[in-house]
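Accompanying notes for the structure given below.
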Amino acid sequence: MLEDQNLEQTAEMDADQTNDPSPMRKVKLTVKVSEILNEAEGIHSFELVDPSGNDLPPFTAGAHVEVRLGEGMIRSYSLCSDPADRSRYQIAVLKEENGRGGSKAMHDDVKAGDVLTISAPINHFPLAGREARAHLLLAGGIGVTPMLAMIAELEAKGARWTMHYLTRNEERTAFRDRLAPYVATGKVHIHHDGGDPSRGPGLQALLSDFEVGTHLYYCGPTGFMSACVESVGAWPPHAVHREYFSAPAGLHSDEANSPFEIKIKSTGKTIPVPADRSIVDVLRSEGCDVETDCNEGYCGTCITRYLSGEPEHRDTVLSEKERKSYVMVCCGRAKGGVLELDL
Ligand code: FES
């Protein structure tokens with residue numbers, strides 16, 4: 001059964017409010033898997049609906065939900081359905097044989113008719129606002145999922161957009177039918193790169209010029225993300241938006257840790273965080289339950305509001321604005337002193 005009170009509260013929210021990440025994570029929804037489709041080799045999509053047939057809470061393009069799987073596993077998946085359609089959410093999952101187990105559980109254990117607990121939609125990858133005159137979307141493999149919701153939202157607004165979609169080969173290209181009308185009109189370009197982004201459309205050439213007013217969005221596997229990072233030098237940071245599915249290579253490798261302290265607001269207790277432990281470790285030893293997924297700063301599950309102190313951010317999720325209020329406690333630290341957490 002749905003947690004009705006939470007759902008009603010969420011459903012009444014304006015869609016823009018779903019961009020405030022912390023409160024949305026606390027809202028738990030129960031959804032039914034109404035359909036599972038094979039979208040490409042190794043990729044299944046899952047349609048999620050309210051078991052009572054009610055509308056689901058609103059979301060904006062680029063949002064994801066956290067899905068609770070067995071044994072405390074939580075995994076984040078981008079919503080790829082049309083944000084204007086409140087009757088369903090759709091997510092798509094690439095099965096990774098050597099992953100951390102979440103995608104295997106989704107493929108092997110979840111069946112149509114099952115009931116899942118998910119978070120309300122959370123958005124760390126929203127489209128730019130009215131200041132954007134055009135949108136350039138770059139998708140690598142399963143990174144196409146948030147782009148599908150973006151396309152629906154951009155089309156509804158009548159915005160100018162183009163997408164380049166890099167996949168290994170035709171068999172690994174998900175959502176071909178859905179994208180076919182946009183391929184026909186030249187808005188979507190599909191490239192098969194055999195898994196090597198350097199054999200794709202030439203990201204350097206594609207991103208060599210920045211046109212004022214254009215915003216860039218990219219999402220995909222590690223190699224694709226690295227190739228994009230190396231190619232966006234001409235673009236101003238405010239016009240570049242990205243979402244990682246895994247930690248970028250070398251993200252934390254050359255950062256030395258220093259000790260600091262955290263203060264827990266609810267108890268007033270101040271606790272040392274030694275150089276060799278994370279904030280999450282220390283919180284858990286104090287009996288404070290903080291949910292995590294990736295433990296590497298890219299999924300957003302452990303987001304925590306802080307009230308004072310100066311965090312040292314080490315994630316790839318938070319925007320500059322969000323960093324003024326939140327810290328990812330799986331990897332974030334403090335620049336010395338005391339970091340007071342709203343826990
Ligand atoms: S657990 Fe993924 S960002 Fe902290």
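Atoms within each ligand, like the ligands themselves, are counted from 1 in listed order. Everything numeric in this text was worked out from a predicted model, so none of it was measured. The residues of the chain are indexed from 1 along the displayed sequence.
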Practice task
Side-chain contact test, heavy atoms from C-beta onward, threshold under 4.5 Å: evaluate it for Thr117 versus Leu29 and give yes or no.
Solution key: no
Handout entry: Pair Lys335 + Glu310: basic N to acidic O under 4.0 Å
Key = yes
Handout entry: Sub-6.0 Å ring centroid separation between Tyr217 and Trp161
Key = no
Problem - Ring centroid separation Phe59 to Tyr89 under 6.0 Å - result: yes
Exercise for the section: Mark yes or no for whether Thr292, through its side chain, and Asn295, through its backbone, hold a donor-acceptor pair below 3.5 Å. Expected result: no
Fill in the blank from the handout: Any protein N, O or S atom under 2.8 Å from atom 2 (Fe) of ligand 1? Found Cys294 SG, Cys299 SG
Problem - Lys/Arg-Asp/Glu bridge criterion (N-O < 4.0 Å) met for Glu312, Arg333 - result: no
